[in-house]
Participant: 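Have a look at the structure that comes next, please.
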Amino acid sequence: MDLILWRHAEAVEWAEGDNDLERSLTPRGEKQAARMAAWLDRQLAEGTRVLVSPARRTEQTALALGRKFKLRDELRPDGTPAQLLELVQWPSSRVPMLVVGHQPMLGQTLAQLLRLPETECAVKKGALWWLRHRERDGHAQTVVVTVQTPDML
């Protein structure tokens with residue numbers, strides 16, 4: 001199974017009293033999303049399912065990809081790695097999954113899947129981590145296929 005975790009691009013800063021789900025991408029964030037989406041569209045399998053947090057900034061990030069996607073409440077900013085992994089059916093799904101979401105959930109999910117000693121891994125805004133689950137010599141493995149940031153493309 002392939003699982004691609006894509007953090008939303010740069011968004012306007014949150015201010016006291018703002019609705020966090022309504023924050024939009026900045027102009028820089030729009031460029032980040034477009035750059036990553038162009039690269040990602042060339043890499044993704046045709047049948048990849050795209051699941052997106054219902055926050056405006058994640059939806060705007062996903063729209064840059066130009067593929068159909070579903071908004072899922074499990075991916076809200078207060079979501080947990082358990083909710084994410086259950087949603088994508090890790091590691092048993094036969095369909096590649098792209099999740100557009102938030103920190104700290106994405107970083108916590110990475111730390112768990114990669115068995116890092118820390119409980120959270122830093123994920124830059126607009127960056128993605130592509131993981132693959134496989135069986136090798138009777139042992140389950142999580143492989144990092146690639147890590148990309150918009151600035152490196």
Participant: Counting only heavy atoms not in Glu86 (residues, nucleotides, ligands), do more than 12 fall under 6.0 Å from its CD?
Facilitator: no

Participant: Heavy-atom distance under 4.5 Å between the side chains of His102 and Arg57, does that happen here?
Facilitator: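 Of all side-chain heavy-atom pairs linking Arg57 with His102, at least one is under 4.5 Å.
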
Participant: Which heavy atom in Val145 sits nearest to a heavy atom in Arg132, and how many Å separate them?
Facilitator: CG2-CB, 3.7 Å

Participant: Does Arg76 have any side chain to side chain contact (heavy atoms under 4.5 Å, CB included) partners at least two apart in sequence or in another chain, and if so, which?
Facilitator: Leu21, Pro54, Asp73, Asp78

Participant: Taking everything shown except Arg56 itself, do over 12 heavy atoms lie less than 6.0 Å from its CZ?
Facilitator: yes

Participant: When Glu10 is tested against each of Lys31, Arg28, Lys124 for salt bridge (charged side-chain N to carboxylate O under 4.0 Å, His left out), which residue passes?
Facilitator: Arg28

Participant: Does Val123 sit in a hydrophobic cluster with other residues, and if so which ones, taking ILVMFWY side chains as linked at heavy-atom separations under 4.5 Å, directly or through other members?
Facilitator: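 So far as hydrophobic clustering goes, Val123 is joined with Met1, Leu3, Leu5, Leu51, Leu75, Leu84, Leu85, Leu87, Val88, Trp90, Met97, Val99, Met105, Leu106, Leu110, Leu113, Leu114, Leu116, Trp129, Leu131, Val144, Val147.
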
Participant: To the nearest 0.5 angstrom, please state how far the NE2 atom of His133 sits from the OG atom of Ser93.
Facilitator: 12.0 Å

Participant: Which residue pairs pass the side chain to side chain donor-acceptor pair (under 3.5 Å) test when at least one of the two sits in residues 32-41, sequence neighbours left out?
Facilitator: Asp41-Arg67

Participant: Within a strict 4.5 Å, meaning less than it, do heavy atoms of the Leu98 and Leu65 side chains meet?
Facilitator: yes

Participant: Under a 4.5 Å cut-off applied to non-hydrogen side-chain atoms, are Phe69 and Val100 in contact?
Facilitator: no

Participant: Run the side-chain hydrogen bond (donor to acceptor under 3.5 Å, both in side chains) test against Gln83 and tell me which residues pass, sequence neighbours left out.
Facilitator: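 Expected list: Thr80.
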
Participant: Tell me the closest heavy-atom pair linking Trp6 and Ala33, and the distance in Å.
Facilitator: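 Result for this residue pair: CZ2-O, 4.0 Å.
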
Participant: Taking all non-hydrogen atoms of both residues into account, name the closest pair between Gly29 and Ala9 and its distance.
Facilitator: O-CB, 3.1 Å

Participant: Any side-chain heavy atom of Gln60 sitting closer than 4.5 Å to one from His8?
Facilitator: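 No. Closest side-chain heavy atoms not under 4.5 Å.
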
Participant: Test of understanding: with side-chain hydrogen bond (donor to acceptor under 3.5 Å, both in side chains), list the residues that count as partners of Asp18, not counting sequence neighbours.
Facilitator: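 Counting only residues at least two positions away or on another chain, Asp18 forms no side-chain hydrogen bond (donor to acceptor under 3.5 Å, both in side chains).
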
Participant: Can you tell me if Trp14 uses its side chain to pair, donor with acceptor, with the backbone of Arg23 under 3.5 Å?
Facilitator: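 Here the side-chain-to-backbone pair does not exist.
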
Participant: Output all residues satisfying side-chain hydrogen bond (donor to acceptor under 3.5 Å, both in side chains) with Trp130, sequence neighbours left out; order by chain, then residue number.
Facilitator: Asp2

Participant: Can you name the nearest heavy-atom pair linking Thr58 to Ser53, along with the distance?
Facilitator: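 For Thr58 versus Ser53, the nearest heavy atoms are OG1-O, 2.8 Å.
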
Participant: Can you sort out the partners of Glu120 under salt bridge (Lys or Arg N to Asp or Glu O under 4.0 Å), two or more places apart, ordered by chain and number?
Facilitator: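 For Glu120 there are no salt bridge (Lys or Arg N to Asp or Glu O under 4.0 Å) partners, ignoring immediate neighbours.
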
Participant: Can you name the side-chain hydrogen bond (donor to acceptor under 3.5 Å, both in side chains) partners of Thr146, sequence neighbours left out?
Facilitator: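 For Thr146, the residues satisfying side-chain hydrogen bond (donor to acceptor under 3.5 Å, both in side chains) (neighbours in sequence not counted) are Gln148.
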
Participant: Is there a side-chain contact between Arg7 and Gln103 (heavy atoms, below 4.5 Å)?
Facilitator: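 In short, these two side chains touch, coming nearer than 4.5 Å.
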
Participant: What residues form a side chain to side chain contact (heavy atoms under 4.5 Å, CB included) with Thr119, not counting sequence neighbours?
Facilitator: none

Participant: Going by the rule side chain to side chain contact (heavy atoms under 4.5 Å, CB included), which residues pair with Glu13 if we only count those two or more places apart in sequence or in a different chain?
Facilitator: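 Once residues adjacent in sequence are excluded, the partners of Glu13 under the side chain to side chain contact (heavy atoms under 4.5 Å, CB included) criterion are Lys125.
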
Participant: Pairs in or reaching into residues 96-117: which pass salt bridge (Lys or Arg N to Asp or Glu O under 4.0 Å), with residues at least two apart or in two chains?
Facilitator: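 Output for this query is empty, none listed.
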
Participant: List the residues meeting side chain to side chain contact (heavy atoms under 4.5 Å, CB included) with Arg136, not counting sequence neighbours, and say none if there are none.
Facilitator: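 Arg134, Gln141.
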
Participant: Linking I/L/V/M/F/W/Y whenever their side-chain heavy atoms sit closer than 4.5 Å, directly or via other members, would Val95 and Val50 fall into one cluster?
Facilitator: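 Val95 does not cluster with Val50.
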
Participant: Under 4.5 Å between any side-chain heavy atoms of Leu128 and Met36, yes or no?
Facilitator: yes

